[in-house]
Amino acid sequence: MRSLFPVTDLTRTAPDPSGPLIDREWSLDELADAYAYPPDLRADGPGTPWLRANMVSTLDGAAQHDGRSQGISCAADMRIFGTLRGLADVVIAGAETVRLEGYRPARAREAFAARRAAAGQGPAPAVAVVTGSMDLDFSLPLFTEPLVPTLVVTGAGAPSDRIAAARKAGAEVVIAGEGGRVDPARVVRELADRGLTRQLTEGGPRLLGQFVAAGVLDELCLTISPMLTAGDAQRIAGGPGVAVPERFFLASLLEEAGFLFSRYRRTDR
């Protein structure tokens with residue numbers, strides 16, 4: 001049996017146990033404990049990575065509405081979104097998602113400062129943008145104003161002028177593939193070799209599909225939005241399918257206002 005726990009917690013007033021119930025939000029510390037990475041990961045050198053994905057889907061499988069995820073999200077989903085970023089060494093996103101969602105540098109948050117310091121992490125996660133074409137605007141704050149340098153993950157055959165432009169803007173270029181192709185399994189390894197073992201991907205669907213097909217996704221944090229959109233919006237993962245579906249187990253489940261916040265892990269991790 002697994003229990004269903006609310007993101008908002010009904011607790012009785014102290015010291016009277018018979019007092020009225022009070023509806024309160026989970027604190028960020030409570031959420032951070034609930035979503036903690038495995039304790040044996042390290043941030044001081046190469047180590048075993050843990051790749052976690054955070055996605056949202058409607059009841060009918062849409063990962064977006066009008067091209068963005070914001071319209072199917074909610075305040076509690078954004079609290080969890082912020083918590084997952086607050087725990088990660090690196091946030092991995094595909095170039096199309098970076099463009100559509102208007103990515104900015106991850107910021108340091110006081111709520112996670114002590115926890116990150118104790119884990120040997122910097123003040124904020126790095127953002128790693130996965131792109132084969134290097135079709136990115138390197139004048140954006142994501143590249144010119146990050147708290148920690150943004151990583152641009154590409155293939156060895158990426159255009160040399162675009163690599164030079166990325167480096168000139170202050171980004172660190174990571175080669176994780178041959179030719180113009182980025183190898184998803186190598187992305188995970190290259191980042192882990194830089195001490196970035198607590199990995200979080202926010203998609204989009206094509207990138208997540210590549211991680212799934214490569215068999216490197218360890219955990220999926222999936223918000224199920226109580227909405228129906230119909231249409232032809234993308235699913236949370238796209239691209240080629242896998243030959244044999246991989247089984248994940250339910251690690252936790254939270255609820256608020258009809259939204260379900262599920263966390264699934266691979267059975268072999």
Side-chain angles (χ1 to χ4, degrees), residues 2 5 7 26-56 76-93 105-128 130 147-148 150-151 153 174 176 184-203 207-208 210-212 214-223 236-237 246-254 260-269:
R2 295 191 182 276
F5 297 99
V7 176
W26 278 34
S27 70
L28 291 179
D29 262 344
E30 289 171 316
L31 287 174
D33 287 340
Y35 284 91
Y37 280 87
D40 56 343
L41 301 180
R42 51 187 290 181
D44 58 349
T48 301
W50 185 275
L51 177 61
R52 159 187 285 170
N54 182 34
M55 302 293 284
V56 58
D77 185 43
M78 295 311 297
R79 288 208 311 277
I80 292 174
F81 173 92
T83 299
L84 295 180
R85 281 196 164 202
L87 298 174
D89 296 328
V90 60
V91 177
I92 310 169
R107 58 191 178 93
R109 298 183 61 185
E110 182 62 31
F112 302 104
R115 191 179 293 263
R116 293 185 65 87
Q121 296 172 293
V127 175
V130 179
L147 192 60
V148 292
T150 293
L151 306 170
V153 187
V174 178
R186 189 169 164 186
V187 171
V188 172
R189 293 196 306 271
E190 291 288 343
L191 294 176
D193 286 348
R194 288 164 171 76
L196 305 173
T197 55
R198 302 172 184 88
Q199 300 177 3
L200 170 66
T201 181
E202 297 170 350
L207 179 61
L208 179 56
Q210 291 172 348
F211 284 136
V212 171
V216 294
L217 184 69
D218 297 299
E219 181 178 334
L220 173 63
C221 298
L222 176 62
T223 295
I236 66 167
E246 186 172 8
R247 183 68 180 265
F248 280 53
F249 73 90
L250 181 63
S252 67
L253 186 62
L254 310 177
L260 296 179
F261 307 97
S262 64
R263 187 166 58 97
Y264 286 87
R265 290 188 172 188
R266 282 171 51 179
T267 56
D268 61 346
R269 290 298 300 267

| query | Do you know which two heavy atoms are closest between G82 and F112, and how far apart they sit? | reply | O-CE1, 3.9 Å
| task | May I ask you to test the L51-I92 pair for a side-chain heavy-atom distance under 4.5 Å? | result | yes
| task | Considering non-hydrogen atoms only, spot the tightest contact between P184 and F211 and give its length. | result | O-CE2, 3.5 Å
| message | Going by side chain to side chain donor-acceptor pair (under 3.5 Å), name the residues that satisfy it together with R107, two or more places apart in sequence or in a different chain. | response | none
| task | State, with a plain yes or no, whether a side-chain heavy atom of R194 is found less than 4.5 Å away from one of V90. | result | no
| request: Please name the pair of heavy atoms, one in V148 and one in P125, separated by the smallest distance, quoted to 0.1 Å. | output: CG2-O, 3.6 Å
| message | Using a 3.5 Å distance criterion without hydrogens, assess whether the side chain of T83 forms a donor-acceptor pair with backbone atoms of L28. | response | no
| field | F261 CZ to Y35 OH distance, which is reported to the nearest 0.5 Å | value | 7.5 Å
| field | Test side-chain contact (heavy atoms from CB on, under 4.5 Å) applied to R115 and D29, step by step | value | CA-CA 9 Å; R115 191 179 293 263; D29 262 344; 3.2 Å; yes
| field | Heavy-atom side-chain contact between V130 and T201 under 4.5 Å | value | no
| query | Any luck finding a side-chain donor-acceptor pair between T267 and R247 under 3.5 Å? | reply | no
| task | Would you give the length of the straight line joining atom OH of Y37 to atom CZ of R52, rounded to the nearest 0.5 angstrom? | result | 4.5 Å
| message | For L87, is there any backbone N or O sitting under 3.5 Å from a side-chain donor or acceptor partner on Q121? | response | yes
| query | What's the spacing between L220 CG and I236 CD1 if we round to 0.5 Å? | reply | 5.0 Å
| note | Between L207 and A93 the two heavy atoms that sit nearest each other are CD2-C, 3.7 Å
| request: Take R186 and D193, measure what salt bridge (charged side-chain N to carboxylate O under 4.0 Å, His left out) needs, and give me the verdict at the end. | output: CA-CA 10 Å; R186 189 169 164 186; D193 286 348; over 6 Å; no
| query | Of L31, L200, V91, which is the lone residue that meets side chain to side chain contact (heavy atoms under 4.5 Å, CB included) with L84? | reply | L200
| task | Kindly write out the residues that satisfy salt bridge (charged side-chain N to carboxylate O under 4.0 Å, His left out) with D218, not counting sequence neighbours, or none if the list is empty. | result | R266, R269
| query | Can you tell me how far CE of M55 sits from CZ of F81, rounded to the nearest 0.5 angstrom? | reply | 11.5 Å
| query | If only atom types and distance count, is the side chain of R116 paired as donor or acceptor with the main-chain N or O of A88 below 3.5 Å? | reply | yes
| request: Please report the closest heavy-atom contact between A108 and L147, naming both atoms and the distance. | output: CB-CD2, 3.7 Å
| field | From CA spacing to verdict: side-chain contact (heavy atoms from CB on, under 4.5 Å), D77, V56 | value | CA-CA 8 Å; D77 185 43; V56 58; 4.3 Å; yes
| task | Using modelled atom types only, decide if a donor and an acceptor are shared between the side chain of D89 and the backbone of R198 within a distance under 3.5 Å. | result | yes
| query | Roughly how far apart are N54 CG and C221 SG, rounded to 0.5 Å? | reply | 6.0 Å
| query | Would you call L196 and L151 a side-chain contact if the rule is heavy atoms closer than 4.5 Å? | reply | yes
| note | Note: A185 and A214 closest approach over all heavy atoms is N-CB, 4.3 Å
| Is it true that a side-chain atom of Q199 and a backbone atom of V188 form a donor plus acceptor pair closer than 3.5 Å? | yes
| query | Under 4.5 Å between any side-chain heavy atoms of S262 and L250, yes or no? | reply | yes
